[in-house]
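These numbers were taken from a predicted model, which means no experiment stands behind them. Heavy atoms only: backbone and side chains are in, while hydrogens, waters and symmetry mates are out.
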Amino acid sequence: EGYVAPYNATVINRLENAGAIPLGRCNQDEFAMGSSTEYSVYGATRNPINKDYVSGGSSGGSAAAVSSNQALFGIGTETGGSVRLPASYCGIYGLKPTYGVLSRWGVVAYGSSLDQVGIMGRTPSDISIPLSCMAGVDMYDDTSADLPNVDKLKDLQPYADMSSLKIAIPKQFLETEGLDSDVAEVFAETRSWFESKGAKIDIVDLPILEASIASYYVIALSEAASNLSRFDGIRYGRLSFFAGGHMAKGTETSEARTARLLEKANALPLRPGVYIMKNVAGEVIYVGKSRKLKNRVSQYFQNSQKDLKT
């Protein structure tokens, strides 16, 4: 609460250099751990379309600001839905770029191999223009990369002929257990719209996706447990908690963490990650297998794209 960063992230510097004016920082779930923007020291962010509903998360503050016309576009970070979910909830567009397109330098890490800066806007152009300004190699981020043909994003044009567009839909997405009927209906309407415009839609079988959620949680929570261990309530933040207090020897860190972190960050989400990272065998077996599965999922998608092109 009240924290002011001592330096800007690379993406912020690049936006300012291009003439953008940051209006302020937006609310989010603490440490990006949440999907509703309710777990924040500043309180919940409500959905501007209907305040009885949440704005989504974890980057719900940015989505709400854009949806309510307080900003032309907003940026947030996403590990597994934290930009696209709130954008969808608030009726705007949200993009999580390919890993490496936007520098992560200056971003508080959750899952380092999954995190990416994302953009939200009311139109595709509201996203493409800031993306063109922020993209590119950054000397402070070894995982960053240049985006080919980035200048085309500055003057984004719609598809003139959708008959040349091919779209693949994994059948596992259509058969997802627990899929909400309203979501399925909207998805079907969107699919029909593309087909009415001449786009070709193929249903592809990617059985490996059935294990992707488990893989995601092992990787994300393990990396989060490692990345967030530095926020122990002692090395960062206010130290007024210690003023006049008396703690039993050896309990300083645990008591400070309990006092400083919200319930969401203190509770169950990090415990599986802590368990895996503390167990050498667990790290090798679970994290190693999950990372291999992640690479296989990526390869499956690449092969599907090649099949569509042929």
Side-chain angles (χ1 to χ4, degrees), residues 3-29 31-32 37 45 55-159 220 223 227 298:
Y3 175 76
V4 178
Y7 60 91
N8 286 337
T10 293
V11 290
I12 299 297
N13 283 332
R14 289 179 175 177
L15 284 173
E16 289 186 328
N17 291 339
I21 302 174
L23 301 179
R25 298 183 301 169
C26 294
N27 200 15
Q28 67 168 74
D29 287 299
F31 295 116
T37 313
T45 294
S55 61
S58 61
S59 302
S62 294
V66 174
S67 179
S68 58
N69 285 313
Q70 297 180 61
L72 182 62
F73 67 89
I75 60 175
T77 58
E78 176 172 334
T79 307
S82 289
V83 166
R84 291 168 291 174
L85 279 176
S88 176
Y89 288 13
C90 294
I92 59 176
Y93 291 93
L95 173 70
K96 180 187 182 183
T98 299
Y99 189 86
V101 169
L102 296 181
S103 169
R104 292 183 297 111
W105 192 77
V107 173
V108 176
Y110 177 171
S112 301
S113 67
L114 303 170
D115 291 344
Q116 181 61 12
V117 176
I119 313 171
M120 289 168 269
R122 298 182 65 85
T123 69
S125 293
D126 291 341
I127 293 177
S128 65
I129 294 175
L131 176 60
S132 68
C133 297
M134 293 187 290
V137 170
D138 176 21
M139 63 177 292
Y140 297 112
D141 181 0
D142 289 340
T143 65
S144 61
D146 283 327
L147 183 63
N149 303 317
V150 68
D151 288 337
K152 290 184 178 180
L153 294 172
K154 298 177 181 178
D155 185 23
L156 198 65
Q157 298 296 322
Y159 262 91
E223 292 183 357
N227 285 324
S298 176

Subject >> Partner set under side chain to side chain contact (heavy atoms under 4.5 Å, CB included) for Ile129, not counting sequence neighbours >> reply: none
**OP:** Using the test side chain to side chain contact (heavy atoms under 4.5 Å, CB included), find all partners of Val83 that sit at least two apart in sequence or belong to another chain.
**Re:**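 Residues passing side chain to side chain contact (heavy atoms under 4.5 Å, CB included) with Val83: Ser59, Glu78, Met120.
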Original post:
What residues form a salt bridge (charged side-chain N to carboxylate O under 4.0 Å, His left out) with Asp146, not counting sequence neighbours?
Top reply: none
What heavy-atom pair brings [X] and [Y] nearest, and what distance separates the two atoms?
X      : Y      : answer
Arg14  : Ala135 : NH1-O, 3.5 Å
Ala220 : Leu114 : CB-CD1, 3.9 Å
Leu156 : Pro124 : CD2-CB, 4.0 Å
Val117 : Ser103 : CG2-O, 3.7 Å
Cys26  : Gly61  : CB-C, 3.6 Å
Asn8   : Glu16  : ND2-OE1, 3.4 Å

Original post:
Can you name the side chain to side chain donor-acceptor pair (under 3.5 Å) partners of Asn27, sequence neighbours left out?
Top reply: Ser40, Thr45
Between [X] and [Y], is any pair of side-chain heavy atoms under 4.5 Å apart?
X      : Y      : result
Arg104 : Thr143 : yes
Met134 : Ile119 : yes
Asp115 : Val107 : no
Asp141 : Thr10  : no
Asn227 : Ser112 : yes
Ser55  : Cys90  : yes

What distance do [X] atom [atom1] and [Y] atom [atom2] have between them, rounded to the nearest 0.5 Å?
X      : Y      : atom1 : atom2 : result
Ile21  : Leu15  : CD1   : CG    : 11.5 Å
Leu72  : Leu23  : CG    : CG    : 9.5 Å
Leu131 : Asp126 : CG    : CG    : 12.5 Å

Would you say the side-chain atoms of [X] pair up with the backbone N or O of [Y], donor to acceptor, closer than 3.5 Å?
X      : Y      : result
Lys154 : Cys133 : no
Ser58  : Gln28  : no
Ser144 : Asp138 : yes
Ser68  : Ala64  : yes

Single hit among [options] for side-chain contact (heavy atoms from CB on, under 4.5 Å) with [X]:
X      : options                        : result
Ser128 : Pro130, Ser132, Ser125         : Ser125
Leu147 : Thr98, Leu102, Val101          : Val101
Leu153 : Val150, Asp151, Asn149, Asp155 : Val150

Original post:
Would you say Asn17 has more than 12 foreign heavy atoms packed within less than 6.0 Å of its CG?
Top reply: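 Yes, enclosed.
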Original post:
Under the ring-ring contact (aromatic ring centres under 6.0 Å, His included) rule, what pairs show up with a residue in residues 87-107, not counting sequence neighbours?
Top reply: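 For residues 87-107: Tyr7-Trp105, Trp105-Tyr140.
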**OP:** Among residues two or more places apart or on two chains, list those pairs meeting ring-ring contact (aromatic ring centres under 6.0 Å, His included) that have a residue in residues 56-75.
**Re:** none
